Amino acid sequence: GYKLEFVGTRREEYLPDSRKPVVTEGTIEDDLRRRDFTINAVAASIGGDRHGELIDLFGGIADIDNRLLRTPLDPHTTYSDDPLRMMRAARFAAQLGFTLDPASFDAIRDMRDRIAIISQERISDEFVKTLSASRPSTGLAVLFESGLLELIFPELYRLAGVDLVNTDGIAYAHKDVFWHTLKVVDNIATATDNVWLRFAALMHDVAKPRTKRFRDGTGWTF
């Protein structure tokens, strides 16, 4: 009564301009090495004397316990092979409440231009999944602080920053709209799982950078 599908262990080699690898037969070590994060690079034996034995070559169990997102290989290699993994890092941080390993974060910042080889459909899919998390701001902050957001959603990225004008001895400041927006999204996430309501919250101030003006005696207007 069950339909079971199997795939053999594989090794993959990536060309610089594509996230679609050349696949050949490989060992279980080869197969685990090509995973995106150590928490996804754990296997279990289902046969013979090793039945039930965990195969954890990269410390994935410890990383699960420590709630840490870390790549099996050097993160520059992992993200260069498949740049969509940078988006997945932000999504997993939001969904799982895990912390991104500092070396992995630095690699995303270094490799962010590689996102250009990923289709918009795949980027949008990961972004919507991040927005669907219980606390979307965690993933959105990873995207922003790594600089990846500037490339995939520049209108949102431009919300950041505080404007300050001094006139007649009076300082007129306007809050950082980006972090305010993330707070609004987190607030609505506690009230609804509807991702499009969350997206509406994300967009509620998106026009401010284009419409912002300072008027003497009035302050900032939009």
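Remember, predicted model here, so these are calculated numbers, not experimental data.
At a threshold of 4.5 Å between non-hydrogen side-chain atoms, the residues Ser146 and Met86 do not count as touching. Residues Leu159 and His180 fail the side-chain proximity criterion, which asks for heavy atoms closer than 4.5 Å.
Under the rule for a side chain to side chain donor-acceptor pair (under 3.5 Å), the partners of Arg70 that lie at least two apart in sequence or sit in another chain are Asp63. For the side chain to side chain donor-acceptor pair (under 3.5 Å) test, residues two or more places apart in sequence or in another chain that qualify with Arg88 are Asp36. Looking at residues two or more places apart in sequence or on another chain, you find no side chain to side chain donor-acceptor pair (under 3.5 Å) involving Thr78. Residues passing the side-chain contact (heavy atoms from CB on, under 4.5 Å) test with Val195, sequence neighbours excluded: Val128, Leu131, Ser132. In this structure Arg67 satisfies the side chain to side chain donor-acceptor pair (under 3.5 Å) test with no other residue, sequence neighbours excluded.
Residues Phe98 and Phe92 place their aromatic rings such that the two centres sit no closer than 6.0 Å.
Side-chain heavy atoms closer than 4.5 Å link hydrophobic residues (I, L, V, M, F, W, Y) into clusters, and following such links, possibly through other members, connects Phe105 to Leu143. A single hydrophobic cluster is not seen to contain both Met203 and Ile188; linkage of ILVMFWY side chains at heavy-atom distances under 4.5 Å, directly or through other members, places them apart. Cluster annotation: Leu54 and Leu68 are assigned to distinct hydrophobic clusters (Ile/Leu/Val/Met/Phe/Trp/Tyr, side-chain heavy-atom contacts under 4.5 Å, transitive).
A salt bridge links Glu150 with Arg112: the distance from a Lys NZ or Arg NE/NH1/NH2 to an Asp or Glu carboxylate oxygen falls below 4.0 Å. Taking the charged nitrogens against the carboxylate oxygens, Asp125 and Arg122 have no contact shorter than 4.0 Å, which rules out a salt bridge. Between Asp186 and Lys183, no side-chain nitrogen of the basic residue sits less than 4.0 Å from a carboxylate oxygen of the acidic one, so the salt-bridge criterion is not met. At a threshold of 4.0 Å, the pair Asp193-Arg198 counts as salt-bridged, since one of the basic side-chain nitrogens sits closer than that to a carboxylate oxygen.
If you take CG on Leu32 and CG on Asn40, they are separated by 10.5 Å, rounding to the nearest 0.5 Å. One finds the CG atom of Leu73 at 11.5 Å from the CZ atom of Arg34 (value rounded to the nearest 0.5 Å).
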Open item on the list: Could you go through Glu25 and Arg10, starting from their C-alpha distance and side-chain angles, then the distance that decides it, and tell me whether this counts as side-chain contact (heavy atoms from CB on, under 4.5 Å)?
Closed with: CA-CA 5 Å; Glu25 186 177 348; Arg10 305 183 295 175; over 6 Å; no
TODO: Go through the steps to decide whether Phe58 and Ile39 satisfy the test side-chain contact (heavy atoms from CB on, under 4.5 Å), and finish with yes or no.
DONE: CA-CA 9 Å; Phe58 304 103; Ile39 62 172; over 6 Å; no
Task: Stepwise side-chain contact (heavy atoms from CB on, under 4.5 Å) check, Phe178 with Leu149 - done: CA-CA 12 Å; Phe178 177 77; Leu149 189 67; 3.6 Å; yes
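Around CD of Gln120, the count of heavy atoms belonging to other residues, nucleotides or ligands within 6.0 Å exceeds 12.
Applying the side chain to side chain donor-acceptor pair (under 3.5 Å) test to residues at least two apart or on different chains, the pairs with a partner in residues 90-99 are Arg91-Gln95, Arg91-Glu126.
Looking only at atom types and distance, the side chain of Thr181 has no donor-acceptor partner in the side chain of Asp205 under 3.5 Å away.
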